[in-house]
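To start, the structure under review is shown below, and the notes come after it.
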Amino acid sequence: MTILRIALPIPKRQLFDYSYQGQTPELGCRVQVPFGSRTLVGVVWEIAEQSQWPENKLKAVIKLLDTQAVFNSTQLKLCQWLASYYKHPIGDVVQTALPVALRKGVANQQKLQQYWCLTEQATKLELSELKRAPKQQALIETLRHATMEKSQVNQDFGSATSKALLNKGLIELVEQSYEDGEPWSAQIKISEKPQANVQQALAISSIEAKLGEFGCFLLEGVTGSGKTEVYLQAIESVLLRGQQVLILVPEIGLTPQTVYRFKHRFGIQVGVLHSALTDNERLEVWQQSALGQLGLIIGTRSAIFTPMLKPGLLIVDEEHDSSYKQQDGLRYHARDLAVMRAHTENIPLVLGTATPALETLNNALSGKYQHLQLPVRAGDAAMARQQVFDIRQQPLEFGLAKGMLERVALHLKQGSQVMLFINRRGYAPALVCHSCGHVEQCHSCNKPFTLHKSLYKLQCHHCAAAKPIPKRCENCHSGELTSQGVGTEQLEQGLADYFPAYKSVRIDSDTTRGKNKLDDMLNKINNNEFQLLIGTQILSKGHHFPNVTLVIILDVDGALFSADYRAAEHLAQLITQLAGRAGRAEKPGEMWLQTHDPAHPLLQDLINNGYGHFARYALLERQQANLPPYSFQALFKAQALSARDAHEFLQQVADFFSGAEGVMCLGPIPALMEKRQGQYRMQLLLQSNQRGLLQQALNQHVGSVEALPLATKVRWSLDVDPQDFS
DNA sequence: AGCACGCCGACT
DNA sequence: GTCGGCGTGCTC
């Protein structure tokens with residue numbers, strides 16, 4: 001009898017055995033199996049002759065769903081690695097790696113390609129007959145040159161346009177198998193490319209020299225130094241070899257312009273994977289890539305799982321970006337997985353950024369990665385000059401010092417745009433009673449409510465809680481409630497009142513919610529419709545603001561004195577990214593950092609010597625403090641309605657690890673956010689100087705942790721290489 | 001995870 | 001008497 005050992009979407013670190021009659025399937029095929037009272041879709045992970053499970057309790061596979069495995073050998077290996085490195089249940093890993101449609105058990109068969117072409121009637125048509133329908137006219141015009149895929153038409157013209165033309169009998173839908181279409185390798189047309197400068201050429205040839213084998217590159221290029229051109233020329237070589245390229249970009253960086261740039265350069269279809277796709281659209285890209293029908297695939301974090309028939313190159317753009325680390329479930333880092341993937345596929349990997357993560361820089365400095373540098377800014381770019389502004393004993397108006405307001409006025413008068421950066425949404429981060437000092441707090445999170453004046457609400461930024469703004473203090477009933485601190489909303493309002501002649505806009509997650517809203521706003525900004533730009537993190541990600549000549553960061557102190565040892569690194573990345581995206585050669589920008597500690601060594605190092613120097617200094621500090629990347633961490637988190645349960649559970653976990661060789665055990669201690677959404681949160685940090693020892697200890701004990709009686713009572717997770725300690 | 005089983009309180 | 005609350009435990 002054949003026993004199939006199945007990975008099921010169940011949070012247990014084990015496989016489930018089923019009997020199977022018939023020809024033995026490949027590993028990586030999906031099956032439908034009975035599980036308790038339900039039926040589940042799982043993946044054949046191992047094949048055995050016999051089972052540990054008593055034969056009378058063994059159930060049979062209901063149905064084999066694939067004749068060909070949905071995972072190729074590379075993906076099987078990567079899943080295996082993920083499960084073993086992150087100590088995560090294999091079934092859950094498989095679940096994460098598979099597109100939703102395939103998880104549900106739909107057939108993994110490619111649909112027919114559908115594209116629109118003109119009917120005979122349309123060839124005789126005078127375009128002027130459609131002059132009242134410009135969109136239809138444009139589509140006809142486009143189709144006169146070439147047929148176009150249905151999905152592409154929907155994206156570019158909208159489905160209403162094609163429907164109208166279909167009804168008029170001017171266009172028709174033609175179907176064919178993707179395999180019958182012209183392959184992308186035959187479609188490549190390289191449009192004109194710029195001449196690479198010396199450093200770019202060196203970087204390109206270094207990458208090209210590694211094609212066909214494993215190699216990891218850190219491409220460190222200041223903003224505007226032409227990283228993308230290096231990508232493009234390396235991609236070109238790979239495509240011309242008939243191989244595929246997978247590019248990862250940060251969540252916010254996947255804009256139509258990014259995609260257009262690649263599509264336009266090579267004249268081929270680009271597979272795009274982002275969060276807004278439907279399950280079927282995602283599956284389609286996955287299938288096309290797996291069958292080698294796409295030359296280029298661009299996507300966010302989870303795109304790293306997309307299979308390729310003929311892989312040639314991996315690129316992780318803005319590799320320092322924190323969105324590459326998944327923060328729930330399987331807490332993998334897409335950049336680290338990319339390294340593993342490049343290794344198993346035997347292809348090169350390029351990690352590109354202006355501000356490398358300290359882990360990555362360390363690997364480059366130690367020679368593990370090849371370090372490619374682009375120090376010169378090409379074309380019309382110039383880095384904004386960075387300076388600190390001492391705000392000790394300075395009165396602040398809506399968070400801004402007087403001297404800063406004067407700078408703002410000056411730049412506005414010169415017809416430039418001004419950008420103000422503050423990492424707090426809302427009007428004010430707290431509402432305080434002036435007579436008794438009581439602060440309005442969210443009862444589920446024990447954190448101050450954020451005041452949102454425009455919404456007439458107090459909102460908790462850690463859970464969904466919100467309530468009307470109270471008139472009186474809930475403690476002493478005094479009517480003197482005052483706001484404490486400054487958020488984007490207050491800053492915008494203050495500036496709007498102070499500079500009534502100029503238009504202001506606020507760019508944060510409150511105002512950019514909704515499809516294309518951010519994109520619209522950015523376009524309007526670059527059309528000079530606004531002069532005062534107030535925003536959060538979002539501003540630093542991937543967008544250029546050539547008309548901005550003044551950037552002010554209001555609150556750098558928070559990050560300099562944070563309990564999170566990565567906060568300074570993130571602040572430096574933010575400052576450097578912002579400085580690189582404002583201004584241009586004939587209109588260089590200036591940047592001011594408001595601080596109470598103008599002499600802070602990290603801050604001084606950053607503004608005087610640049611990110612590269614700062615990062616090396618910060619690495620030295622990490623080394624002295626024995627922090628990552630010089631040590632290795634794993635973080636157990638637990639949350640429960642009672643703080644005692646969470647603590648008790650982690651104490652038992654700590655007891656397992658207390659004797660582990662070379663592993664230090666810190667905790668259990670309350671998490672930085674002690675309470676969230678009504679749950680008490682604790683954590684236990686494990687640290688070792690050797691990755692191997694930490695892994696060994698985890699291997700030895702996760703099983704026992706999982707088996708603890710309390711493990712079913714509290715919500716717990718294990719985060720290997722944690723990024724976020726909140 | 002999700003579902004059944006089970007043991008207690010408030011309803012027609 | 002039963003409907004349903006969610007604690008516990010199991011699933012090949």
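Since we're looking at a predicted model, the values are computed, not measured. By convention in this document, chain letters (A, B, ...) are assigned in the order of the sequence lines, proteins followed by strands, and residues within each chain are numbered from 1.
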| message | At 4.0 Å (heavy atoms only), tell me whether Q52(A) reaches a base, stays on the sugar-phosphate, or touches nothing. | response | nothing
| field | Nearest-Å distance for atom pair CZ/P, residues F35(A) and dA1(B) | value | 12 Å
| said: Measuring centre to centre across the rings, with the benzene-like ring taken for any Trp, is Y565(A) within less than 6.0 Å of F725(A)? | reply: yes
| said: So, OP1 or OP2 of dC12(C): does either fall under 4.0 Å of a side-chain N or O from K57(A)? | reply: no
| query | Can W53(A) be said to stack with the base of dC12(C), given centres closer than 5.5 angstrom and planes under 30 degrees apart? | reply | yes
| task | With heavy atoms under 4.0 Å as the rule, sort P9(A) into base, sugar-phosphate or nothing. | result | nothing
| Should the pair Y86(A) and W81(A) be assigned to parallel (<30°), tilted (30 to 60°) or perpendicular (>60°) ring geometry? | perpendicular
| note | Rounded to whole Å, CZ of R103(A) lies from P of dG2(B) at a distance of 12 Å
| Do side-chain atoms of S562(A) reach the backbone of A559(A) as a donor and acceptor pair under 3.5 angstrom? | no
| field | Atom-to-atom span, NE2 of H88(A) to P of dA1(B) - whole angstrom | value | 10 Å
| Which nucleotide in the list dC12(C), dA4(B), dA1(B) gets nearest to the side chain of S37(A)? | dA4(B)
| request: Please state how far atom CZ in R715(A) lies from atom P in dG2(B), giving the value in whole angstrom units. | output: 12 Å
| remark: Which of K87(A), K12(A), R13(A) passes salt bridge (Lys or Arg N to Asp or Glu O under 4.0 Å) with E706(A)? Answer is R13(A)
| request: Could you check whether the rings of W286(A) and F71(A) sit parallel, tilted or perpendicular, using 30° and 60° as the cut-offs? | output: perpendicular
| Whole Å only: how far is the CG atom of L8(A) from the C1' atom of dT11(C)? | 9 Å
| query | Across the strands shown, which category fits Y18(A) at heavy-atom distances under 4.0 angstrom: base, sugar-phosphate, nothing? | reply | sugar-phosphate
| note | K59(A) atom NZ is separated from dC10(C) atom P, nearest whole Å, by 15 Å
| request: Measure from CZ on F16(A) to C1' on dT11(C) and round the result to the nearest Å. | output: 6 Å
| task | For K12(A) and dA1(B), give me the distance from atom NZ to atom C1', rounded to whole Å. | result | 10 Å
